[in-house]
**Q** 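First the structure, which I've put down as structure tokens, then a few questions once you've had a look.
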Amino acid sequence: MAVVAGGTRAKASGMSLSTQDLLHEAACVACRAPSISNSQPWLWRIVGDALELRCDPSRQLRVADPRGQLMVMSCGTLLHHATVVLAVLGSGVVVERVDEATDPVLLARLRPTGPRAVTAEDMRLHHALRIRRTDRPPFRGTRPLPASVIDLLREAAAPFGVATHVFDSKQVGFLAHAAREAAHIHGRSGAYRDEMAAWTTYRDPVGRDGVPPTVAVPQVPRTVPVRNFAPDSRPLLEAGPGDDRYTTYLAFATDTDTRSDWLRAGEAVSAVLLTATTLGIASSVLSEVVEVPGARALVHSLVAPAGFPQLTVRLGLNASGSELPATPRRPCDEVITLASPDPVGR
Ligand SMILES: Cc1cc2nc3c(=O)[nH]c(=O)nc-3n(C[C@H](O)[C@H](O)[C@H](O)COP(=O)(O)O)c2cc1C
């Protein structure tokens, strides 16, 4: 791997880090970001004083996600995670977004803007980034999330121009119907089952991607079913005594439905999940309802005033979060490259 010589110097957290070290640290730590089936469909490239984010279509789930919407949203969570790390390293950042017509895989370019004061909120979000886990067992909360807390979570999405919709109890019934319908259609698809099997590490316990059995749950009666990761295998994580009775279901929606919207939606999802973690709220993403056209149309009709549904998440209190193992990630050097300097004269 060629390293560009002579990066500029930036003061970060009282230490002097070269811009490239700063970007490398941000890119590497950000890989704790959630992604569809832990596919980690992203690539970082450090080019001079900028960090480029590309999606990696070789990791796209072609059956569940033929448009690449969830792949790009996963990259959006990574992008937001990187800004959280840069903030705690004491660096400002500007994010330049690249539209699809300009480049089919380059999504964004991050440029550090120099030192800035680290806030307590920066520290909280960074801590959340390290401890957040997708928490799939039914939540054990015995009361609903307070309305003021739900407002805080929704506010976290707003800076990305992404609307949020909280399902009321009647709508949760429709969401449950959409989830069951999506699971039924997926369950009948051999191509889907093969794809899911490829993205679980049931047969490969040392895998660095995919969803391992240690964090998947068996199918149990619950209001809104979660994805059945490997119908043919037995998940190892106990579903526990929860019943999801007081779980909050939140949808993210955008005015239009372009690649840029998917990226922003991913950033907003990341901001909400990390904010939830700072508040001790457990969470997991439910994307099957946007993967199957009929289910997606139903969810669209429920969130219509907010726009095109991009993703739904479940949020709840008193879950098993702190006991959950971390889902592995690929080593950073598989994901981050340093651009070679241009040959002289070019
Ligand atoms: C776009 C997107 C879609 C996801 N869809 C689901 C889903 O349908 N069901 C689920 O249990 N987890 C889902 N996840 C969560 C991932 O499986 C999880 O982030 C990944 O396995 C890594 O685990 P971690 O979040 O605990 O670090 C999704 C995450 C993203 C970003």
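This is a predicted model, so every value here is computed, not measured. Indexing begins at 1, ligand by ligand and atom by atom, following the structure's order. One-based numbering along the sequence shown.
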**Q** Only one of L250, I150, L153 passes side-chain contact (heavy atoms from CB on, under 4.5 Å) with T164; say which it is.
**A**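 Of all the options given, the one that passes is L250.
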
**Q** Look only at interatomic distance and state if R136 has a nitrogen or oxygen under 3.5 Å from any nitrogen or oxygen of ligand 1.
**A**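 Yes, R136 has an N/O under 3.5 Å of an N/O on ligand 1.
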
**Q** As an exercise, identify every atom of ligand 1 less than 4.0 angstrom from a heavy atom of P34.
**A**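 Listed by number with element, the hits are 19 (O), 25 (O), 31 (C).
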
**Q** Tell me the protein heavy atom at minimum distance from atom 21 (O) of ligand 1, and give that distance in Å.
**A**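 Going by distance alone, atom 21 (O) of ligand 1 is nearest to N38 CB, 3.4 Å.
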
**Q** Using a 4.0 Å heavy-atom threshold (strictly under), name the region of M71 that reaches ligand 1: side chain, backbone, both or neither.
**A**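 No part of M71 comes within reach of ligand 1.
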
**Q** For C28, enumerate each residue passing the disulfide (SG to SG under 2.5 Å) test, keeping only those at least two apart in sequence or located in another chain.
**A**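 Residues passing disulfide (SG to SG under 2.5 Å) with C28: C332.
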
**Q** Do T223 and D244 have side-chain atoms, one donor and one acceptor, less than 3.5 Å apart?
**A**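 Judged by distance alone, the side chains do not pair up.
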
**Q** Starting from atom 15 (C) of ligand 1, which protein heavy atom do you reach first, and at what distance in Å?
**A**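 So the nearest neighbour among protein heavy atoms is T134 OG1, 3.7 Å.
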
**Q** Indicate whether the side chain of T119 and that of R124 have a donor and an acceptor atom separated by less than 3.5 Å.
**A**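 Judged by distance alone, the side chains do not pair up.
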
**Q** Which of the numbered atoms in ligand 1 are under 4.0 angstrom from any heavy atom belonging to S287?
**A**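 Every atom of ligand 1 under 4.0 Å from some heavy atom of S287: 3 (C), 4 (C), 5 (N), 6 (C), 7 (C), 8 (O).
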
**Q** If you measure every N/O of V285 against every N/O of ligand 1, is any gap under 3.5 Å?
**A**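 Yes, V285 has an N/O under 3.5 Å of an N/O on ligand 1.
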
**Q** Please verify the inter-ring angle class for F308 with H300; under 30° counts as parallel, over 60° as perpendicular, anything in between as tilted.
**A**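 Because their plane-to-plane angle lies in the 30° to 60° range, the rings of F308 and H300 count as tilted.
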
**Q** So is S284 touching ligand 1 or not, going by heavy atoms under 4.0 Å?
**A**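 No; S284 lies far enough from ligand 1 that no heavy-atom distance drops under 4.0 Å.
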
**Q** Counting only nitrogen or oxygen atoms and a 3.5 angstrom limit, does R133 reach ligand 1?
**A**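 No, no N or O pair falls under 3.5 Å.
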
**Q** For R132, counting its heavy atoms only, list the atoms of ligand 1 lying under 4.0 Å from any of them.
**A**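 This gives 24 (P), 25 (O), 27 (O) as the contact atoms.
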
**Q** So, is R227 polar-close to ligand 1, with some N/O to N/O distance under 3.5 Å?
**A**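 Yes, R227 has an N/O under 3.5 Å of an N/O on ligand 1.
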
**Q** With the threshold set at under 4.0 angstrom, would you say V226 reaches ligand 1 through any of its heavy atoms?
**A**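 It does not; every heavy atom stays at 4.0 Å or beyond.
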
